[in-house]
Amino acid sequence: MDNKYVIITDKEFSEAMSRSNAINIVKDYDKKGISSHIVSEKEANRIGSPENFNDPKWE
């Protein structure tokens with residue numbers, strides 16, 4: 001099964017893509033100081049929009 005992933009930023013969802021592409025884009029965003037997260041395409045559909053995404057808290 002070929003899973004697809006979506007990148008979430010503060011303003012938008014990306015198009016669905018492969019895991020390796022998503023990782024490379026998130027690394028590039030990090031270098032540019034852009035906060036982003038990778039979720040599965042299924043999870044992105046469940047969330048619906050970036051405003052509904054809760055940033056994980058690592059404590």
Side-chain angles (χ1 to χ4, degrees):
M1 180 151 101
D2 188 28
N3 291 328
K4 296 290 184 173
Y5 297 87
V6 173
I7 299 170
I8 301 174
T9 64
D10 292 340
K11 299 181 183 186
E12 64 186 2
F13 284 170
S14 70
E15 294 295 319
M17 63 189 76
S18 70
R19 181 178 182 266
S20 60
N21 284 350
I23 290 170
N24 288 333
I25 290 171
V26 167
K27 286 179 180 180
D28 187 50
Y29 281 174
D30 184 55
K31 289 177 186 175
K32 295 176 182 178
I34 300 170
S35 177
S36 60
H37 301 279
I38 300 172
V39 297
S40 68
E41 184 176 25
K42 181 179 177 181
E43 181 68 5
N45 289 332
R46 187 190 70 75
I47 294 168
S49 70
E51 297 82 28
N52 296 331
F53 180 73
N54 295 319
D55 283 330
K57 304 293 182 210
W58 310 106
E59 295 180 353

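- Atom NZ in Lys4 sits 6.5 Å away from atom OG in Ser18 (nearest 0.5 Å).
- Qualifying side chain to side chain contact (heavy atoms under 4.5 Å, CB included) partners for Asn24, counting only residues two or more places apart in sequence or in other chains: none.
- For Asp30, there are no salt bridge (charged side-chain N to carboxylate O under 4.0 Å, His left out) partners, not counting sequence neighbours.
- Residues passing the side chain to side chain contact (heavy atoms under 4.5 Å, CB included) test with Ile25 are Ile7, Met17, Tyr29, sequence neighbours excluded.
- Contact between Ser36 and Thr9 at its shortest, heavy atoms only, is CB-CG2, 4.1 Å.
- In terms of the salt bridge (charged side-chain N to carboxylate O under 4.0 Å, His left out) criterion, residue partners of Glu43 (sequence neighbours excluded) are, by chain and number, Arg46.
- Partners of Lys31 under the salt bridge (charged side-chain N to carboxylate O under 4.0 Å, His left out) rule, at least two apart in sequence or in another chain, do not exist in this structure.
- Linking ILVMFWY side-chain heavy atoms closer than 4.5 Å, directly or via other members, places Ile38 and Ile34 in a single hydrophobic cluster.
- Following chains of ILVMFWY side-chain contacts shorter than 4.5 Å, one can reach Tyr5 starting from Val26, so the two form part of one hydrophobic cluster.
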Residue pair Val6, Ile47: steps toward the side chain to side chain contact (heavy atoms under 4.5 Å, CB included) verdict: CA-CA 11 Å; Val6 173; Ile47 294 168; over 6 Å; no
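- By the side chain to side chain contact (heavy atoms under 4.5 Å, CB included) test, Lys27 is found to be paired with Ile23, residues two or more places apart in sequence or in another chain being considered.
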